[in-house]
Amino acid sequence: MPELPEVETIRRQLEPELLGSVIVDCAAFDHPKFTPAHLAVGHRVVGIRRRGKYLLVGLAAVGAAPDPTHELVIHLGMTGRLWIEPDDHHALEATDQPYQRARWRLDDGRTMVFSDVRRFGRIAVTVRNDHRGLNTLAQMGPEPFDPAFQPEPLRRGVNASRQAVKTQLLSQRLVAGLGNIYADEALWAARVHPGARRITRAQAERLSETIREVLAAGIAAGGTTLRDYRDASGATGRFQMQLRCYGLAGHPCERCGTPLARTVIDARSTTFCRTCQRR
DNA sequence: CGATTTCCCTGGCCGC
DNA sequence: TGCGGCCAGGGAAATC
């Protein structure tokens, strides 16, 4: 369940490793979600950005100007992992390792590996910034740490729809990068009911602030590992020790002592405090 | 067009 | 011990 903090952690680890390397070969799992990995071959990595939960590896054709013309788009889905293997004697087609969906061979002999047990991940190569065909990415809302992310647009966006505020947060359209864990944490910290259809200015102020706070804390802790998540070095995150709401149904609310409640919103398990998160 | 539902996947867990 | 059944969950496609 890599969300923004987990993807950002991986991005920071991979960028210095990949920068300047040329992708010289590729093997991919035979499924339309993964075979586009081949399209990255013949390009040099000139940067790695992140938009929401997407990694965008900047690509420039070998021998061309060092400006990115394309990007390798990687979404980790639920169980996606990325890492770099040192130069060794393994064949590119060493897919005897289970669940490997793509292996990219670099010009210095190293290999970047993408594995994904549940195959909810996705790989694409696009013209830079042309994300037609990747709807969620094309309609991605502002990055939470960008000045463009403001309380008023958040409030207007939530109130313009009949959907629950949590559904809106998960849609990626009002703000980028939240998944189930950090959405529950931010709503709890802002004392906003996850099922609310409308929010006030004061709530939008608090929510925009707590979204930034929980995501920043998540990044600082190297992400959240509940089961599957590992960073590019194979390490677990540590934010699971700091969770105050997600997955804690039945435990007393830290603020008021009321046992946290569990419900389902948008087919997502949702934890909240009935007492301090009023509609 | 916006909202809702369904589907994709598989390991882990529960109950019998 | 074995097995059927169910759950988790991001995002896209299908449907309403």
Side-chain angles (χ1 to χ4, degrees), chain A residues 1-11 28-36 50-56 73-82 95 97-102 114-124 126 130-141 143-144 156-187 194-198 211 215 218 223-230 236-237 239-240 243 245-250 262-272:
Chain A
M1 43 206 77
E3 305 178 29
L4 187 151
E6 292 74 31
V7 178
E8 178 62 21
T9 298
I10 292 171
R11 189 199 69 78
F29 183 77
D30 187 16
H31 186 288
K33 292 169 86 172
F34 305 109
T35 51
R50 179 193 52 71
R51 273 295 275 141
K53 307 174 200 175
Y54 288 81
L55 278 176
L56 305 174
V73 179
I74 302 175
H75 194 289
L76 298 172
M78 287 274 298
T79 55
R81 293 184 193 176
L82 276 172
T95 42
Q97 301 289 344
Y99 312 124
Q100 294 200 2
R101 308 305 176 194
F114 176 59
S115 86
D116 182 12
V117 171
R118 294 188 202 176
R119 292 194 231 167
F120 277 28
R122 185 185 176 97
I123 295 171
T126 71
D130 180 0
H131 299 136
R132 286 173 294 183
L134 296 166
N135 273 335
T136 302
L137 185 54
Q139 300 179 45
M140 187 73 64
E143 286 294 318
R156 280 196 297 271
V158 169
N159 293 351
S161 151
R162 273 172 274 170
Q163 292 180 314
V165 59
K166 179 172 176 182
T167 302
Q168 300 271 7
L169 295 182
L170 295 178
S171 80
Q172 311 298 306
R173 292 200 291 197
L174 298 181
V175 58
L178 290 171
N180 211 24
I181 297 172
Y182 295 96
D184 275 8
E185 290 295 310
L187 288 163
R197 257 70 176 166
R198 295 186 59 81
I211 286 170
L215 292 175
T224 304
T225 298
L226 297 177
R227 179 179 298 168
D228 298 295
Y229 170 70
R230 298 291 185 280
T236 62
F239 194 66
Q240 62 278 9
L243 293 174
C245 178
Y246 177 87
L248 295 174
R262 180 187 181 279
T263 184
V264 174
I265 290 179
D266 197 31
R268 298 290 180 267
S269 175
T270 298
T271 307
F272 70 107

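Labels below follow one simple rule: chain letters A, B, ... track the order of the sequence lines, proteins then strands, and each chain is numbered from 1. Every heavy atom of this structure was used, including side-chain atoms; hydrogens, water molecules and symmetry mates were not. These numbers were taken from a predicted model, which means no experiment stands behind them.
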Considering only heavy side-chain atoms of A:Arg173, the closest of B:dA3, C:dG9, C:dG11 is B:dA3
Ignoring hydrogens and angles, tell me if any N or O in the side chain of A:Glu143 forms a donor-acceptor pair with the backbone of A:Gly52 under 3.5 Å.
-> yes
Rounded to whole Å, CG of A:Asp228 lies from C1' of C:dA8 at a distance of 10 Å
Picking from C:dA8, B:dA3, C:dG11, the nucleotide nearest the side-chain atoms of A:Lys53 would be C:dG11
To the nearest angstrom, the CG-P distance between A:Asn135 and C:dG11 comes to 12 Å
Separation of C:dG9 atom C1' from A:Leu170 atom CG, nearest Å, is 10 Å
A:Gln163 side chain near B:dT4 phosphate (N/O to OP1/OP2, under 4.0 Å): yes
Give each protein N/O atom lying under 3.5 Å from an N/O atom of nucleotides 14-16 of chain C, with the pair distance.
none

Across all chains, not counting sequence neighbours, the side chain to side chain contact (heavy atoms under 4.5 Å, CB included) partners of A:Ala249 are A:Arg262, A:Thr271
Review point. Counting just side-chain N and O atoms, does A:Gln172 come under 4.0 Å of either OP1 or OP2 of C:dG10?
Key: no
Here the distance between atom C1' of C:dG11 and atom NE2 of A:His131, to the nearest Å, is 16 Å
Separation of B:dC13 atom P from A:Leu226 atom CG, nearest Å, is 13 Å
**Request:** Please assess A:Asp228 against A:Val117 for the test side-chain contact (heavy atoms from CB on, under 4.5 Å), listing each intermediate value before the final yes or no.
**Result:** CA-CA 9 Å; A:Asp228 298 295; A:Val117 171; 5.7 Å; no
Donor-acceptor pair present, A:Arg162 side chain and B:dG2 base, under 3.5 Å: no
**Message:** By the 4.0 Å heavy-atom rule, please label A:Arg262 as base, sugar-phosphate, or nothing.
**Reply:** sugar-phosphate
Residue pairs meeting side-chain hydrogen bond (donor to acceptor under 3.5 Å, both in side chains), one or both in residues 73-82 of chain A, sequence neighbours left out, come to A:Thr79-A:Asp116
Its contact letters, B for base, S for sugar-phosphate only and - for none at protein heavy atoms under 4.0 Å, make nucleotides 5-10 of chain B read ---BBB
CG of A:Leu82 to CD1 of A:Ile10, rounded to nearest 0.5 Å, is 6.0 Å
- Query: Hey, does the side chain of A:His75 come within less than 4.0 Å of C:dG10's phosphate (OP1/OP2), counting only N and O?
  - Reply: no
Separation of C:dA8 atom P from A:Tyr229 atom OH, nearest Å, is 23 Å
Stepwise side-chain hydrogen bond (donor to acceptor under 3.5 Å, both in side chains) check, A:Tyr229 with A:Glu3: CA-CA 10 Å; A:Tyr229 170 70; A:Glu3 305 178 29; over 6 Å; no
Hits for salt bridge (charged side-chain N to carboxylate O under 4.0 Å, His left out) against A:Lys53, two or more places apart or cross-chain, chain-then-number order -> none
**OP:** Please lay out, stage by stage, how A:His31 and A:Arg101 fare under the test side-chain contact (heavy atoms from CB on, under 4.5 Å).
**Re:** CA-CA 9 Å; A:His31 186 288; A:Arg101 308 305 176 194; over 6 Å; no
Q. So, A:Gln172 side chain and A:Leu178 main chain: donor-acceptor pair closer than 3.5 Å or not?
A. yes
Sub-3.5 Å donor-acceptor pair from the side chain of A:Arg156 to the main-chain atoms of A:Val158, do we have one?
no
Does A:Arg11 have more than 12 heavy atoms from other residues, nucleotides or ligands lying within 6.0 Å of its CZ? yes
Rounded to whole Å, the CD-C1' distance (A:Gln139 to C:dG10) equals 15 Å
Could you go through A:Asp266 and A:Lys166, starting from their C-alpha distance and side-chain angles, then the distance that decides it, and tell me whether this counts as side-chain contact (heavy atoms from CB on, under 4.5 Å)?
CA-CA 8 Å; A:Asp266 197 31; A:Lys166 179 172 176 182; over 6 Å; no
Q.
Just to be sure I understand the rule, does A:Thr79 reach a base, reach only the sugar-phosphate, or reach nothing, if contact means heavy atoms closer than 4.0 Å?
A. nothing
Whole-Å distance, A:Met78 CE to C:dC7 P, equals 15 Å
Rounding to the nearest 10°, end axes of the helix from B:dG2-C:dC16 to B:dC16-C:dG2 built from five pairs each make an angle of 50°
